[in-house]
Amino acid sequence: DNNGSLSVALFRQLIPPKVATEFLKQVRVLEKNYDWLYTTNPDSVDGLPSFHVNLVSHGKPAFPSTETTEGPTTFQKGLQNLLGIVQPYIYKELLPEVQNFLNNSTNNIRISDIFFRRYGQDIGGGVTRNGISAHYDVFSRVTAVIALDDVAADGRNGLYTTQVDETGATSNHAALRRFFPLRSGDAVLHTWDVLHGVDVEPGLDRTSLIIWFTEENGSKEDESKKKKNDIESVAPWLLSHHPDLDCRRSNDVAQFVLASAMYSLDDETEDESKDRLYLNSAAKGNLFALTRMGSLIEEDTLDFKLKNEALDILEKLRSFSSLPEPIKRFANDSGKKTAVMAMRFWFEASVRGNALAQRSLADEILFQASQLEYDEDSYLLAAIFFALAGQQGDEEASESLKRLLDADLSIAGGFPTVIVD
């Protein structure tokens with residue numbers, strides 16, 4: 001099924017190793033000559049510098065090799081050469097494989113973006129980036145990741161996906177990562193609904209080539225699609241999951257990804273449909289949607305109707321009486337109702353293994369506890385969730401835990417040593 005089932009395929013030496021080595025060699029020359037080579041624009045996944053270079057964007061080469069009066073600069077020529085090295089393998093070999101991968105007979109799959117990306121030490125301005133957290137692709141129907149070195153050959157670094165349990169529920173907990181052992185020239189294809197990320201051990205450098213494939217709509221459009229041209233231009237393969245349409249086939253992942261795509265449009269018009277998608281996804285236990293709902297509640301962006309629906313969903317997920325005591329005590333203050341709702345969503349995502357939710361919950365618990373009479377249980381609960389996030393590699397959470405343990409807690413006699421590993 002090519003309409004939403006999780007799909008992954010591995011291709012050994014899609015690009016000959018000698019070709020991949022030559023590509024990487026020329027990348028290193030560019031890195032040496034241009035210390036500003038990689039873009040530091042924030043990545044849409046985590047907001048950190050993305051450190052990538054586009055060779056093709058929105059279907060067009062970044063620097064077309066057309067005749068100009070001045071001619072291409074040395075930098076532009078370098079990128080043109082890089083595209084020329086891999087272009088035959090991507091357009092003549094990989095593109096047909098993607099068509100077959102999707103069982104696509106309409107030939108409406110197109111190459112949208114081609115870019116290479118660097119992970120490791122001292123990438124630009126002394127900055128280090130060792131990975132990118134688990135996520136779904138919003139702008140790509142299918143993504144290809146091609147290794148340009150052997151850093152991931154042992155199956156302990158590089159691209160990973162997360163194990164899905166028998167019920168289909170997903171989690172981005174670090175313990176569930178499954179790495180792809182890839183040598184130079186090997187490629188992995190995956191659909192938009194495969195949860196994936198990158199992690200590289202400190203001290204290692206990894207460079208990979210990424211290709212995004214999109215799907216163009218045919219000439220026939222029904223009325224419902226015409227009303228959603230913006231979404232159609234971003235991710236037409238998600239249109240069938242829009243709340244204005246028949247959503248009986250929608251799943252929590254599709255709803256979450258579509259909501260993220262709608263937010264990416266930066267549409268300032270009031271439209272509750274994207275928030276409703278997040279809420280519907282959260283109701284099905286999607287830990288990313290649960291985390292996002294916590295943030296939306298905290299930001300107080302939901303209307304009264306959606307807030308009431310959100311409260312009903314929280315009760316269905318877990319009754320108020322079964323919440324940790326500190327969270328229940330916060331609810332006794334009428335001025336903290338919004339904060340308690342946010343904490344409840346983060347708590348649901350936390351117990352499902354989301355490190356960001358664990359850190360957000362711990363931060364909010366500390367903030368609320370600081371406004372009340374000292375409550376050792378609240379600080380202990382915050383420490384526990386900071387520790388859980390820290391175990392997954394969340395450095396901010398680890399630093400917060402250290403500050404909490406180092407703080408002057410003489411009033412409470414210090415933390416019980418049981419919480420220190």
Side-chain angles (χ1 to χ4, degrees), residues 1-27 52-65 79-119 132 135-153 158-161 179-194 196-198 206-217 235-237:
D1 177 7
N2 65 352
N3 289 316
S5 61
L6 303 178
S7 299
V8 179
L10 174 63
F11 295 88
R12 293 297 184 191
Q13 295 190 0
L14 179 79
I15 294 178
K18 288 184 178 180
V19 175
T21 299
E22 178 60 26
F23 184 96
L24 187 57
K25 180 181 178 181
Q26 295 202 26
V27 168
H52 77 273
V53 178
N54 272 90
L55 301 179
V56 172
S57 182
H58 302 294
K60 298 179 180 180
F63 297 103
S65 56
L79 294 190
Q80 290 172 358
N81 290 340
L82 286 175
L83 181 58
I85 291 173
V86 296
Q87 197 166 13
Y89 303 98
I90 293 174
Y91 286 86
K92 294 183 179 180
E93 297 186 24
L94 182 58
L95 181 56
E97 291 289 357
V98 173
Q99 297 277 7
N100 293 331
F101 178 67
L102 294 174
N103 296 322
N104 184 281
S105 60
T106 59
N107 294 320
N108 64 343
I109 301 299
R110 301 287 183 267
I111 292 173
S112 171
D113 289 62
I114 301 174
F115 56 96
F116 59 92
R117 191 164 194 174
R118 167 93 180 272
Y119 295 93
I132 186 168
H135 62 282
Y136 302 103
D137 285 340
V138 175
F139 305 111
S140 177
R141 174 72 171 86
V142 174
T143 298
V145 179
I146 304 175
L148 297 173
D149 50 45
D150 291 336
V151 169
L159 179 69
Y160 66 82
T161 185
F179 289 90
F180 294 92
L182 301 176
R183 293 191 176 278
S184 180
D186 291 347
V188 171
L189 288 183
H190 66 80
T191 50
W192 59 272
D193 49 1
V194 171
H196 63 285
V198 173
R206 172 182 181 265
T207 308
S208 57
L209 187 67
I210 297 95
I211 302 96
W212 284 355
F213 296 87
T214 57
E215 179 181 298
E216 293 183 353
N217 280 333
W237 52 92

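Side chains included, hydrogens not; waters and symmetry mates left out as well; all remaining heavy atoms used.
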side-chain contact (heavy atoms from CB on, under 4.5 Å) between V145 and R117, worked out: CA-CA 10 Å; V145 179; R117 191 164 194 174; over 6 Å; no

How would you list all residue pairs meeting side chain to side chain donor-acceptor pair (under 3.5 Å) that involve residues 8-21, not counting sequence neighbours? R12-D186

Just so I know, are the side chains of I90 and L83 near enough to count as touching, which here means a heavy-atom distance under 4.5 Å? no

Is any side-chain heavy atom of I132 less than 4.5 Å from a side-chain heavy atom of Y119? yes

With heavy-atom distances below 4.5 Å as the criterion, would you say the side chains of V27 and R118 are in contact? no

Determine, stepwise, if the pair V56 / Y91 fulfils side-chain contact (heavy atoms from CB on, under 4.5 Å). CA-CA 12 Å; V56 172; Y91 286 86; 4.0 Å; yes

What closest approach, in Å, do V86 and F23 show between heavy atoms, and which atom pair accounts for it? CG1-CD1, 3.5 Å

Within the 4.5 Å heavy-atom criterion, are V142 and W237 side-chain neighbours or not? no

Do V98 and I111 come within less than 4.5 Å of each other through their side chains, counting heavy atoms only? no

Rounded to the nearest 0.5 Å, how far apart are CG of L94 and OH of Y89? 13.0 Å

Between L10 and A187, what is the shortest heavy-atom contact and its length? CD1-O, 3.3 Å

CG/L55 to CD/Q80 distance, rounded to the nearest 0.5 angstrom? 10.5 Å

Examine distances only and state if a side-chain atom of S112 and a backbone atom of W212 form a donor-acceptor pair shorter than 3.5 Å. no

When rounded to the nearest 0.5 angstrom, what is the spacing between CZ in F116 and CD1 in I211? 12.5 Å

In Å and rounded to the nearest 0.5 Å, what is the CG to CG distance from L182 to L14? 11.5 Å

For V194 and T143, run side-chain contact (heavy atoms from CB on, under 4.5 Å): C-alpha distance rounded to whole Å, both residues' side-chain angles, the deciding distance at 0.1 Å, then the answer. CA-CA 10 Å; V194 171; T143 298; over 6 Å; no

Please check: side-chain N/O of N108 versus main-chain N/O of E215, any donor-acceptor pairing under 3.5 Å? no

Value rounded to 0.5 Å, distance of OG1 in T191 from OH in Y136: 11.0 Å

Approximate separation, where rounding is to 0.5 Å, of L148 CG and S184 OG: 6.5 Å

Is there a side-chain contact between L102 and F213 in this structure, where contact means two heavy atoms from C-beta onward sitting under 4.5 Å apart? no

Nearest heavy-atom approach of G158 to A152 is CA-CB, 4.4 Å

Should we count CZ of R110 as having more than 12 external heavy atoms under 6.0 Å? yes

side-chain contact (heavy atoms from CB on, under 4.5 Å) against E22, all qualifying residues, sequence neighbours excluded: K25, Q26, I85

State, yes or no, whether a side-chain contact exists between D137 and H196 at a heavy-atom distance under 4.5 Å. yes

Listing request: all side chain to side chain donor-acceptor pair (under 3.5 Å) pairs with a residue in residues 53-62, at least two apart in sequence or in separate chains. H52-N54, N54-D113

Taking the side chain as every heavy atom from C-beta outward, state whether I109 and F101 have any pair of such atoms under 4.5 Å apart. no

